[in-house]
Structures are given as structure tokens and as C-alpha cells.
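Data first, discussion second: the structure below is written as C-alpha cells.
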Amino acid sequence: MDTKDNTNSQQQIGYVVGGSLKENLRVRLTIPAQAIQEGGFVIIEGGEWQFYGLVIDIQLGATDRRFADEQSETRLPQDIARLLHRKTLYTNLEVLPTLMLERGPEPGSPEYQSWIEQIDLGQRPPPSPLPVKTIPPHHVPVRLAGAGDIAEIFGRQGERGNFVIGYTREGGHPVCINLDKLVQRSSGVFGATGTGKSFLTRLVLAGLMQDDNTAVLVFDMHNEYGYDDTASDTGQHVIGLKTKFRSRVNVVGLGQGAQIRGQTPDFNLEIAERDITPEDIELLTRELNLTETTPTTLEALVGSFGRKGWFTAFRKMKSGALIETDGGKKGPAPDSVAAWANSAGVHPMAAEALHSKLGRLFRLPYIVENPASEGIREIVDVLESGQHAMLSFGRHETDLDYLLVSNLLTRHIRQAWEQRTNDFRSKGAQEPRPLVIVVEEAHKLLNREMAAQTTFSTIAREMRKYYVTLMIVDQRPSQIYDEVMSQLGTRISGWLGDDDDIRAVLSGLAGRDVLRGMLARLQPKEEVLLLGWGVRMPLPVRSRRYDKQFWNELQGKSGGKRDEGQILKELGY
Amino acid sequence: MGKIIGHLLRASTTRFVVGCRVSEMESPAFGSLIRVPLLVGTEIYGLIYDMHIDDDGLVRQLVTAEDIDPSVIADNRINRNVPLEISVLAVGYNQDGRIHHLLPTRPPLSLDVIYKCTDEQLREFTTGRFGYFRHILRAKDLPVDELLAAHLRDAHKANAESGNSEWIHVATQELIVLLRDDYPTLMSVLSALSDIQIPREKVT
């Protein structure tokens, strides 16, 4: 095996002059300061170990402060001033060492040969990047990472499961994320509005769909992922995932006759009244402003009409209907809420209050007694068969719609995947296909108040073992419940301005202070920071463009001509 | 061989004084590199840092007289009893053809002959390394800035003639490195260097 990659012949940019494990490494720059940017991925050739690091600060320094304070170029001839500056003024990089990789003894030496042989014979584990536990010696050279280094850490382009998410800012080398790893834990795509979150999400979803190892369910609040769209800021035509993956992507419209961007969806989702359980209602406690008596009333309803019939029966009851009784007094009509309450031993006022509050649900057009099709079942079947579903909410855009539908659906999905996983583990059935549930505008469903009402927080916390994970897409990560945020494995974040949002994205990660500045100083467009468990080290990248070329590359079409320079660049030259 | 400047008057390991006649005064200059051949195969190098003209009894009387006759002045200068004194800072030695920028193992002896170095010898002494700068910089009582400027001008001329016009830049850079912790000295040295008239080429 050969651990030395010949695509790494990058120019030296400096040498190590100091530092510590706790306080990062200091590198004296030997090239102009502007050639390096914050977040640059550098390699420190530290003898037997190669260190991978991130430039987190660039500092101007002087051997004596007076050399910096004094504008000596005005006092001295230009050539002498230049010589003086060269020897007394300098630029230091602060480098955060993130990983180290064993390189073995000097190549060509007998020790190196025996080291290689030991690895080949399996007596020694092959070198793999490890967390940094030591530091390089003084004066070892530092260079920018080459394509081979990037591939060593982030995976090689073209290998199974690896998806190019972007390119390094300095060298333009492709940076991959591993899709298998991405879906093993919940993930998040963040960024202030207009930073390209939707495009990034489309990229990742296209990658997942092309990889064909994962089923995807998108709660498409703004009806933008399925069909072709027009970009809100540039006005350019944006290709929808349905257009490219056709029958593998099912666009589902909420409610009968829903039209999504003027097109008829693959099927419509209507919710049968019998599918609504008291638990679904209890999850809406805050939204519907339900009281403490609600569980008792719901229990009585189920007791009277059964789990499948209670909702319909309750809907049909009349609130406040009275009839004249034999004694000439007025009493509750037989089909009234109060009559049922009296017979069931429930306080009539509580029952009537609940009936009135559930009125919002009774009036929802997509909740019907007998739907034309089993919409929820169909979605679960689609996902189980490995296809993808995009649930477009159409004109039903209230929090109540999001909460009710997403809760119902995820509850069914959760049951189905738990069942399949248990069958797989105990009966040796087929392994369930990983499912990613994409939640747009996630703060609506996962904020501190709502998180308790939804099953999403459970999914984020526990469903990883049952092959179901979330992909949260949001512009205000600070609004998302901490417990959910801390569970996110891979985080892909565009520019964020708000301190709280930045703090939320970085929650639970090492080196937060360092990454904070990096996140705040990303380009507002087309630059993202990769973070978290799913990537071996944080890295800012220039995100891939979601355009025709992307599709050509993804779907293996030769497509447009690429110039020679670009090909060479991709090869690492 | 280079021109004879004079003969040694007195010496220590680090410095020595050369006595010479007025007629011999024309060739040495402040900052010139001189050499003192000792035994076969050994010579000491030094830089002239001072030239001293002492008075004597006759001069004291003459300066008070009115209208001194030019012939008297000439006579006093040529036939003076007290020699002119040239002070030299030892900066290295040559042993068996190898130049060392160290203090000589022993000082020269009285009446040893002192020569001015030729351009070729100056080049040989200054090429490659600058270890001898430390002797100059250590001599705090001397006008270090002026001495360095004078020496660098001479040495640059000698080196540029042989095509090495970069020498002055490398030497300046070395001085900057040696003096960067001593801001006042460095700035006064660089200021002196700015005053020497050499055609400056662009530093790359």
C-alpha cells in the first residue's frame, strides 16, 4: 500500500513556529497573507505524523512593535524598507489542528519498508485519521491541502455513498459527504434566508435519490421541491426533483383536488376520521388551547364509540342543542354533546368546550369520513418500497395543518419502521430501508413549545435505531428545541448573522468558539460550513451549484463540455 | 599585495593601532579592510575605525604663530616626530588560505607591516558569511552605523565589480536580522546605509 498521494504536491505556505494542543498552532506564513483565507484547510507535515488543520485566524506581527508602528518606507529607500519589512514584519496563521494521520518512517528507509509490510500483513492497523493527541515539531512545513488530502478525510469522489457537496475555497478540490453516514443520524441544513438552503437541500436530496439507498419524505411547506420552480431571488428556472426522478418521486397534495404549482399531484392525501386518535388530539393541546379535562373527555369518547369511531361521532354531535322534555323543561337534545356527556359521566361543559375547540379540525376539508383512498397508507407504502414522497401542503398552510398532518404521518411511519426493524432483528426479515424525513421551516414544528407536541423530537432522539432520521431545514436554528439540535449528526450551515442561531448550530460540538467566527464570516451565498459527526472535521466549502451541469454529473451524462483546466483541477493539479 | 599603510604601534586581541607617515595617509580610509601578515600562512584582518593625529610641541607653537609659511607646514607634516595613528578593529584572520571570522589567535607584533586589502581580498573576506559583523556590532563605543556604511559601500563596490550586485542586499538583510531586537541601532545603521551612494537595484 502506498499512503503517499501524489496529488498533494502543493506549495509550502509556511512553517510551524509554536503553539500547543490547547491553544492551537502558530504558523509563520511565507507567502502573501491575502493568499490564505480563514477556514483554509492546511496540512502540516510533522514527520511521522501528518496533521490536518483549519486556519482560524490570520495575525499581523512584528519582531518589535516599533517596526509595525513606524512607516519606515517613508524614511528609508524602498529597497531597504522592503528588506526591513521582510525580516521584521510577518504574518502568522493560527491553525486549529483537527486530525492527524500516521505517515510512518521516512519513505525509502528500511524502517518504512517494514512498516508498510506490517500493515500489509495486518499486524498493524492501516493509518486512518485520528483526533489530534500530539503536536508537530518546530519548523515543519505547512502547505495547503491537495485533492488527495481532502479525499483522505472526506472520502473519494466516485466511491459508493460519497456525494460531492462542494469544493474547497482555495484549491477548488471536491469535498464529499458520505450519504450513508448522513442518514445514520439526523442532520440539519441551516442558513439565514437567501443563503441557498433550498438549493443545498435539493442537492443533498438529489444525491440521496440518485444513491438509491434511502427513502425520503419531504414535508414541503412551500411546494418547491417536487415540481420545477423559479428561484425567488434570481428568477432562474429551477428543476424539481420530480422532473428528474419521475416515478420514483411521488408528489402528494394535501386534500382532494389539490393543485401543486398548477400541476396535479401523483395522489392526494385525505385523512380518514377513523385514523385520528386521541393521542393526535393531545399533541395539539397547545395549538388548540385544550384544557386538563381533555384526556378524560377523549377517553370517554373512545369508551363510547371506539378508537375508530369517536371522531366521527363527536363531530356529528350538536353543541348546545336543546329539546323540551315531558315536564316542559328544556333539556339537552339526544344528539347533543351534553346528552352524550351526561350519559358517559363527563362534565357537559368540558365536553362542549372540547367540541367547540375541535371545531377547527371538524372544518378541515382534508379530514373526511370516508376518503377515496388510504392516503397515509399509500405514503407509507411508497416509502417502504424505497420511493420518495413530497407532501405539499398546498393552500393548507397553518400551524395546525403542519402539526396535525406531520404528526399523524410520522406516527404511522414510526409504527411501520419500528415493526420492520423488529422483524429484521428478531425474525431475520429484510433490513428496513433508511428513511429521511425532511422538515422545512422546522422551527414551526420543533420549537421549544411545539417539540413536546410532535413526534419529531422523539424521532430525532430515538428513531435512529429504527432507520428513521430527520433532516431539518431552517433559518432560525435558535428557535429549535435544544434537545433536537444536540442530536443532529451532520450539520450543513450557510451564513448566519444572529449570535443565537450560530450558537444553536454549534451546540454540542468541540471548538465552538473557533467555528463561531468562521460561520459568521461565510460568504452570504454559496459558501457553507460542514460540521458535526457526519464529517471528520469542520470545513467551509464553496457549495456546488444546483444547475444543469450538476444534473449531468449526477446522472452520469457527459453533458456540456468541460474545459481542460477544470478537469485538471478536479484531478488535483 | 595591496598598498603598505604603515607599521604596527600597539595591539590587543580585539584592536590594534598602526602608525604611519602623512605620505602614507592617502590610501587607507575609514572603513577600509586591512591585513597584517604574521608568520607564513597567517594574516589578521581588521577594519579601520579611527584615524588619529596627535599634536607635538612644535605644532602647538606653530598654531599660535601668525602667517605660517607653507614650507613650514609641509616640513612639519613630512618630518613630524609623532606618527599618525590609525585604529583598527580585528575582524578575522586567514590561516593556511582559510578565512575565519573569529578574533585572531594572537595579536600582531610591533612594527608588523600593515597592508590595505585589494578588491579581490575584500571580496574573499566578505563572500558568503557575515560572521565578522558581530565584532563590529559588539564595539558599542565605535560609530557602528558609520563604520558599517563605509564598509558596506567598499565591499559592495568590490562585489558588484565581480557581478555580485546582490551582496549589499544580503548583507543588509543579515544586519536587520542581527539588529532587529535593537531598534535604535538598527534604524541608525539603516539610515547610514541609505546615505551611501550606490546604484540601488530593485529588491525581489
Side-chain angles (χ1 to χ4, degrees), chain A residues 9-20 25-36 57-94 137-144, chain B residues 31 126 128-131 133-134 136-137 140 143-157 159-160 163-204:
Chain A
S9 50
Q10 296 282 318
Q11 180 205 358
Q12 183 178 338
I13 59 162
Y15 55 94
V16 173
V17 292
S20 73
L25 296 173
R26 288 197 309 282
V27 172
R28 178 67 46 87
L29 203 60
T30 51
I31 60 168
Q34 284 95 340
I36 302 292
D57 198 8
I58 306 173
Q59 300 153 341
L60 295 177
T63 53
D64 186 307
R65 224 189 63 200
R66 281 177 288 187
F67 291 120
D69 290 346
E70 191 92 14
Q71 271 195 306
S72 41
E73 54 271 34
T74 57
R75 276 179 64 189
L76 298 171
Q78 202 184 13
D79 60 337
I80 293 184
R82 204 168 291 163
L83 288 170
L84 178 66
H85 293 166
R86 193 185 287 172
K87 289 293 172 189
T88 57
L89 304 180
Y90 55 83
T91 310
N92 268 1
L93 301 180
E94 194 177 335
H138 277 101
H139 299 169
V140 291
V142 178
R143 60 176 172 79
L144 282 175
Chain B
T126 55
R129 294 164 304 118
F130 300 95
F133 281 174
R134 65 176 174 271
I136 306 170
L137 298 175
K140 300 282 184 202
V144 169
D145 41 7
E146 301 299 322
L147 182 58
L148 281 167
H151 165 65
L152 259 62
R153 182 188 52 214
D154 281 2
H156 167 67
K157 189 169 154 282
N159 281 288
N164 185 9
S165 49
E166 269 296 299
W167 184 90
I168 183 82
H169 294 140
V170 183
T172 309
Q173 202 153 298
E174 178 71 12
L175 281 173
I176 293 170
V177 171
L178 291 171
L179 283 171
R180 64 184 167 194
D181 289 330
D182 182 358
Y183 183 80
T185 309
L186 175 58
M187 290 318 280
S188 87
V189 167
L190 292 181
S191 169
L193 287 181
S194 331
D195 286 338
I196 57 176
Q197 298 295 314
I198 54 167
R200 295 191 182 279
E201 287 169 27
K202 205 177 172 191
V203 177
T204 50

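So that the names make sense, note that chain A is the first sequence line, chain B the second, and so on, each numbered from 1.
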Quick one: [atom1] on [X] to [atom2] on [Y], what's the gap to the nearest 0.5 Å?
{"X": "A:E70", "Y": "B:M187", "atom1": "CD", "atom2": "CE", "result": "6.0 Å"}
{"X": "B:I176", "Y": "A:I80", "atom1": "CD1", "atom2": "CD1", "result": "7.5 Å"}
{"X": "A:T88", "Y": "B:D181", "atom1": "OG1", "atom2": "CG", "result": "11.0 Å"}
{"X": "A:K87", "Y": "B:Q173", "atom1": "NZ", "atom2": "CD", "result": "4.5 Å"}
{"X": "A:L84", "Y": "B:L186", "atom1": "CG", "atom2": "CG", "result": "6.0 Å"}

Heavy atoms of B:H169 and A:D79 approach each other most closely as NE2-OD2, 3.7 Å
